[in-house]
Each structure stands twice: as C-alpha cells, then as structure tokens.
Protein chains: 2
Amino acid sequence: MVDQAAPVRRLRRAERREQILDAATRAFARHGFADTGLDDVAAEAELTRAMLYRHFESKADLYRAVLDRSCARLIETTGSGDYDDRAIPALVEAASGDPDGFRLLFRHAAREREFRDLTSFMAVASRELAHRNLARVIPAGPWLEWAADLIPVLTVEAVIAWLDAGQPDPGQAPERIAAAVQGVIDAARAPIRWPAE
Amino acid sequence: MVDQAAPVRRLRRAERREQILDAATRAFARHGFADTGLDDVAAEAELTRAMLYRHFESKADLYRAVLDRSCARLIETTGSGDYDDRAIPALVEAASGDPDGFRLLFRHAAREREFRDLTSFMAVASRELAHRNLARVIPAGPWLEWAADLIPVLTVEAVIAWLDAGQPDPGQAPERIAAAVQGVIDAARAPIRWPAE
DNA sequence: TCAGTTGTATACTCCGACGTCTAAAAATCT
DNA sequence: AGATTTTTAGACGTCGGAGTATACAACTGA
C-alpha cells in the first residue's frame with residue numbers, strides 16, 4: 001500500500017525563504033552552528049537539503065542570514081539607543097517576540113568565533129553603555145569593570161530565565177529584572193552584605 | 001646552516017599526561033570542543049599530534065579527561081555539600097585556582113550535548129540547592145522558578161567576570177557576589193523596584 | 001653500552017558533513 | 001492544456017580533520 005500522498009505545500013520564493021529562516025532559527029537555537037547539520041535544518045523545515053541551497057549559498061550564509069534577521073528584529077524593538085527606562089522593557093518585548101532568535105544570539109552566536117563580527121558590536125555597545133551609566137554611581141576601579149561586564153550578561157540571562165519560566169507576568173518582568181540589576185550595582189558600590197533577616 | 005637542535009624536554013608518562021591535560025584545558029577553554037582541533041591542542045602542548053594518542057584514545061577521550069579533572073578539582077574545593085556561607089567563597093577559590101578549567105566547564109562544556117552527562121548533574125544539583133533555599137523566602141510560583149534558574153548562572157558569571165577583572169580584592173569578592181545574588185532574591189520576592197536615589 | 005622509553009616527522013587511510021547534480025513529479029499560472 | 005516553477009529523491013564529488021602507521025632520533029638508567 002502506497003503512503004498517502006504528502007500534501008507538499010508550495011510557497012513563493014520569498015515566503016519559503018522566511019519559512020526556512022524560521023526553521024533554521026529553531027534548529028540552530030538548540031545546539032549552535034557547529035553542532036547542527038544541514039540535515040537537522042532541513043528536517044526542521046520539512047524540506048530536502050537541496051532546497052536550502054536554492055535559497056542560500058552555504059551553511060555559513062544561511063546562518064548569517066538567520067543571525068542578521070534576529071539581530072535586525074532585536075535592534076528594531078530595542079531602538080539600540082541610550083539607556084533609559086525603556087531599555088529593559090524593550091529587551092523583554094524583543095525576547096518575547098522572537099524567543100528562539102534571542103536564545104540563539106546570546107547563548108550561542110556570542111561565543112562562535114567565525115560569526116563574532118555579527119554580534120560583538122552589540123556586546124561592546126552594551127558593555128560601554130553600562131560602563132558609562134555605572135561610572136556615575138560606582139567609583140572607578142576593578143569593581144566598576146566587573147559590574148560593567150556582569151550587568152549585560154545578567155540582564156540577558158534574566159530575560160532567558162524568564163522565557164524558560166513561561167513568560168509569567170509580562171508587566172512585572174522588566175521591573176524584576178531591573179531590580180536584579182540594581183543588586184549588582186549595589187554590590188559593586190560597596191562590599192557590605194545585606195543584613196541577614 | 002642547520003637549526004639549533006631543539007631542547008626536547010622529556011618527561012615521565014604521568015607528568016607528560018598532566019602537562020597535556022594542562023595544555024588541552026587552555027586550548028579547549030578558548031573555543032570549546034567542536035571548534036578546537038587536535039592540532040591546536042598539540043601546538044599548545046608543544047608536541048606532535050601523535051604524542052596525544054600515546055596518552056589518550058581519542059579526541060573525545062582527552063576532552064573527557066580534561067573535564068573530569070576540572071570537575072574533580074571543583075568538587076574538591078567546593079565540597080559539593082549543602083549551601084552555607086562557605087559555598088561562594090569556595091567557588092571563588094576554585095575558580096582562582098583553575099581559571100581555565102572553570103571557564104571551560106561553565107562557558108563551553110555546559111552547552112555541549114555530547115558531554116552533558118559530565119556537567120548536567122552539577123547544573124541540576126545547584127539548581128535544586130538554590131530552589132530548596134529560595135523556597136523558604138520566595139512564595140511558590142513562576143518567579144521562584146525564575147530565581148532558581150537564574151541564581152546559579154549569575155553566581156558563575158559573577159565569578160568569571162571577577163576573573164576577567166583581574167581577581168581584585170579576593171577577600172571582598174565572595175561578599176560582593178553574595179550581594180548580587182541577594183539582589184535577585186529581592187527581585188523575586190516582589191516586583192517593587194528600589195526607589196531611585 | 002645497550003635496552004627501553006620518549007619523542008619527532010610525515011605520510012597515509014577513513015569518515016562524516018558540506019555541497020553538487022540530474023531526472024522526474026507535482027502544483028500553479030495563463 | 002501547456003508552460004513554468006517548485007520540490008523531491010538520492011547519488012555523487014570534495015574536503016578537512018580524526019585517527020593510524022612507520023621509521024628514525026635522542027634521552028635515561030641499569
């Protein structure tokens with residue numbers, strides 16, 4: 001008995017490209033570039049490997065396209081401007097709107113040498129932004145550098161942990177994350193531990 | 001003219017093995033398992049690739065040995081016991097004593113599928129430890145889960161940021177990191193932002 | 001001195017994943 | 001219906017890095 005004929009949905013070039021990017025984002029978000037084969041991506045997109053090559057030159061090209069799009073979306077909703085009260089809410093909104101892309105960018109792409117050119121500018125920018133703002137409340141010295149390194153990482157990890165927790169209380173999330181950041185700022189100001197209750 | 005004959009230092013088996021593990025820890029700590037070739041390891045150890053195979057069966061075997069040793073050292077100094085005031089100081093001491101191994105374990109190995117069996121138990125244990133202790137001060141719910149996820153990550157990242165900052169004030173470091181952790185606990189208790197100064 | 005060990009140097013095989021190609025099937029458009 | 005485009009299915013070529021093999025050189029210790 002022959003299998004029921006597969007539906008085989010056909011899309012126009014641009015749509016198919018987007019659908020491949022969606023699937024590739026999901027696939028790469030699991031284990032990063034090196035540990036994800038094109039077969040994995042093809043399976044996730046429910047396509048043949050050959051199809052991927054009709055839309056992208058190579059595996060690296062596809063990955064760059066994925067990263068570019070996630071990056072563009074991120075900047076689009078965060079504005080990438082100065083730090084203000086909108087910064088953390090915007091980051092939360094961006095993560096909520098594209099969780100796979102968010103995880104991919106910060107958990108994998110940020111540590112992949114070959115593609116650091118696509119992400120390092122964000123890491124540098126957020127570190128410098130943090131440094132500028134912290135310099136007003138933390139005395140210059142190694143603990144200022146420590147906080148400037150740690151706060152961007154903490155912010156991103158706090159957002160990812162919020163995603164992993166099921167995105168509870170979207171309205172409260174930015175305030176809670178900001179409070180966690182404030183904890184690092186306090187810690188960098190003085191080595192006095194909060195009195196035990 | 002012939003090159004000056006290389007010194008060619010010779011070591012006994014056990015010593016050479018340790019020296020290879022040291023070099024491999026450094027090499028793998030840079031870009032993880034997949035992105036580090038045996039040539040990189042051999043170069044770091046100033047040996048030929050063939051020598052690596054006289055001490056280890058395969059690349060994966062070598063990597064496991066590296067991870068095992070780093071893991072054992074970590075547990076040896078942290079005790080892996082219940083959480084108390086010694087936990088964070090012990091972690092700081094462990095990181096200080098083996099910075100490459102510390103970074104390798106938490107920045108790379110923790111995300112490598114093939115070797116998660118060697119690291120997942122630590123991630124699980126620290127998450128559960130955090131969860132048990134937090135459950136006494138944070139009401140059950142998604143924000144408890146959020147904090148239990150975030151605090152182990154924050155702690156490790158705070159230690160790495162401290163390493164990156166040049167290990168300043170080793171005596172103060174544990175207190176400052178504990179203060180940062182306290183910030184997350186406060187954030188998880190209530191969504192009230194600290195009053196702006 | 002001689003045996004055993006530690007090391008170099010280099011060429012080689014093997015394998016998996018990337019990337020290419022072709023022929024034919026099926027959906028869409030006019 | 002016929003032309004066009006999308007897609008499949010799978011074989012094939014290619015290449016880098018893991019892993020193997022061999023011959024030889026040099027240090028060490030009894």
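So you know, we letter chains A, B, ... as the sequences are listed, proteins then strands, and number each from 1. Quantities reported herein were computed from a predicted structural model and do not represent experimental measurements. Computed over heavy atoms, backbone and side chain alike; hydrogens, waters and symmetry mates excluded.
- Rounded to whole Å, the distance from CZ on R16(A) to C1' on dT5(D) is 13 Å.
- Among the nucleotides dT8(D), dG7(C), dG19(D), the one closest to the side chain of K59(B) is dG19(D).
- No donor-acceptor pair closer than 3.5 Å links the side chain of T36(A) to the backbone N or O of F33(A).
- Look at CZ on R12(A): it is 18 Å from P on dT4(D), rounded to the nearest Å.
- Going from atom OH of Y53(A) over to atom P of dG10(D) covers 18 Å, rounded to whole Å.
- If you check the side chains of E112(A) and H31(B), you find no donor sitting under 3.5 Å from an acceptor.
- Going from atom CG of L62(A) over to atom C1' of dA17(C) covers 15 Å, rounded to whole Å.
- For E57(A), the CD atom sits in a loose shell: 12 or fewer heavy atoms of surrounding residues, nucleotides or ligands are nearer than 6.0 Å.
- In this structure, M51(B) places its CE atom 16 Å from C1' of dG19(D), rounding to the nearest Å.
- Between R17(A) atom CZ and dT6(D) atom P there is a gap of 14 Å when expressed in whole angstrom units.
- Annotation: the span from L62(A) atom CG to Y53(A) atom OH amounts to 9.0 Å, rounded to 0.5 Å.
- Between dG19(C), dT8(D), dT20(D), one nucleotide has an atom nearer to the side chain of R49(B) than all others, and that is dT20(D).
- Distance, D35(B) CG to dA18(D) P: 11 Å, rounded to whole Å.
- Here the nucleotide nearest the side chain of T48(A), chosen from dA9(C), dA9(D), dG19(C), is dA9(D).
- In this structure, CG of L47(A) is placed 20 Å from P of dA25(C), rounded to the nearest angstrom.
- Picking from dG10(D), dA11(C), dT7(D) the nucleotide with the shortest atom distance to the side chain of A50(A) gives dG10(D).
- Looking at heavy-atom distances under 4.0 Å, R13(B) makes contact with sugar-phosphate atoms alone, never a base.
- E15(B) comes within contact range of no nucleotide atom at all, as no heavy-atom separation falls under 4.0 Å.
- Residue T36(A) is the one, among T36(A) and R54(A), whose nearest nucleotide of DNA chain C lies closer to the 5' end (criterion: closest heavy atom).
- In plain terms, the two heavy atoms of Q19(B) and A45(B) that are nearest each other are NE2-O, 3.0 Å.
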